[in-house]
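Given the structure is predicted, the values throughout are model-derived calculations rather than measurements. Position 1 is the first residue of the sequence, and the numbers go up from there. Atom set for the values below is all heavy atoms of this structure, side chains included, hydrogens, waters and symmetry mates excluded.
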Amino acid sequence: MISSRLPAEYMAGIAPERLAEQWIPDEPELRSLDRFPDFLAARRRLLANVLNELLGLPTYDGQSAHRETDELPADEEVIAEDPAAPKLVGAAVQELRTERGVEIHALYESRRTDAYYDPSCRTVTIPSGPGRGEYETPSGAAVAVVHALNPHVNPNRNGWSFWTVTATGQLLQSIR
């Protein structure tokens, strides 16, 4: 349908509600090549606002306190997390967090394996013992532990129900 046509041409034939479903700005003048940066800014506002609404955050007005550049900051600039920025992890989870992460453990084959869960990026670190290492997911860490302790079984496990939050005794899925 698009072929080699310009966006202003092919979008004119698409129903406005279909474009709105994809968060395409409804201003036809933004669909020309010379207005592409303005199109991106308008679409960014639409996408940011729908996500902010889902997260219960304030409306995005298109203004950013952060620099919009690909250049690295100068050495003397201090980079710090904005203390006013909303936390992506709930307060209850923050209370469980230690310097290394949320302490978790697993019992498998009568062996306890201690680990740390980082709720902000959902990674698991096993500092020592079976499966020692850093894993992108709780399930990846669970597979490593099962494989290390019992290599003759299928190691696939759901990490959210394999690991227990040490402080609460509840499954890791309780703070997901």
Side-chain angles (χ1 to χ4, degrees), residues 2 18-24 40-41 43-60 64-75 77-176:
I2 295 172
R18 294 290 296 155
L19 295 172
E21 289 172 357
Q22 300 300 315
W23 294 279
I24 302 294
L40 290 177
R43 189 159 192 234
R44 180 173 42 246
R45 272 192 302 282
L46 292 170
L47 289 167
N49 281 327
V50 76
L51 291 172
N52 284 355
E53 184 179 335
L54 287 170
L55 295 170
L57 299 173
T59 301
Y60 173 71
S64 175
H66 303 288
R67 301 173 348 160
E68 293 196 20
T69 179
D70 291 334
E71 293 180 28
L72 294 174
D75 289 340
E77 286 186 52
V78 176
I79 301 173
E81 185 173 326
D82 181 357
K87 300 290 184 232
L88 294 179
V89 178
V93 176
Q94 289 291 356
E95 290 176 14
L96 296 171
R97 194 178 218 152
T98 66
E99 189 175 300
R100 296 178 81 178
V102 176
E103 294 179 10
I104 60 175
H105 68 275
L107 295 173
Y108 182 77
E109 295 286 312
S110 301
R111 296 257 328 251
R112 178 180 167 129
T113 302
D114 292 309
Y116 297 95
Y117 170 67
D118 183 342
S120 58
C121 57
R122 295 187 166 189
T123 59
V124 172
T125 301
I126 303 172
S128 62
R132 179 177 182 223
E134 291 188 31
Y135 300 91
E136 292 182 11
T137 65
S139 296
V143 166
V145 170
V146 171
H147 182 71
L149 293 174
N150 193 355
H152 303 293
V153 300
N154 181 340
N156 291 338
R157 298 291 186 276
N158 179 335
W160 299 104
S161 57
F162 183 83
W163 297 100
T164 300
V165 178
T166 302
T168 65
Q170 295 181 331
L171 296 177
L172 183 56
Q173 67 190 13
S174 67
I175 64 169
R176 190 173 189 180

For residues L172 and V165, determine if any side-chain heavy atom of one lies less than 4.5 Å from a side-chain heavy atom of the other. yes
Check whether more than 12 heavy atoms from other residues, nucleotides or ligands sit under 6.0 Å from atom CD of E53, and answer yes or no. no
Kindly give the heavy-atom pair with the smallest separation between I24 and L46, and that separation in Å. C-CD1, 4.0 Å
Going by the rule side chain to side chain contact (heavy atoms under 4.5 Å, CB included), which residues pair with T125 if we only count those two or more places apart in sequence or in a different chain? E134
Once you measure the plane-to-plane angle for Y108 and F162, does it fall in the parallel (<30°), tilted (30-60°) or perpendicular (>60°) bin? tilted
Considering only heavy atoms from C-beta outward, does the side chain of R112 approach that of T166 to under 4.5 Å? yes
Where do P127 and R100 come nearest, in terms of heavy atoms and distance? CB-NH2, 3.5 Å
In the structure I gave you, are the side-chain heavy atoms of W160 and R122 within less than 4.5 Å of one another anywhere? yes
Would the distance check show the side chain of N49 and the main-chain N or O of R45 forming a donor-acceptor pair, the cut-off being under 3.5 Å? yes
Ignoring hydrogens and angles, tell me if any N or O in the side chain of D114 forms a donor-acceptor pair with the backbone of H105 under 3.5 Å. no
When you measure from the side chain of R43 to the backbone of Q22, do you find a donor-acceptor pair of N or O atoms at a distance under 3.5 Å? yes
Heavy atoms of W163 and A142 approach each other most closely as NE1-N, 3.8 Å
Closest contact, heavy atoms only, V124 versus P138: CG2-CA, 3.6 Å
For R97 and V102, indicate whether the former's side chain and the latter's backbone hold a donor-acceptor pair under 3.5 Å. no
Identify the heavy atoms of T113 and P130 that sit nearest to each other, and give their distance. CG2-O, 3.8 Å
Side-chain contact test, heavy atoms from C-beta onward, threshold under 4.5 Å: evaluate it for T164 versus L171 and give yes or no. yes
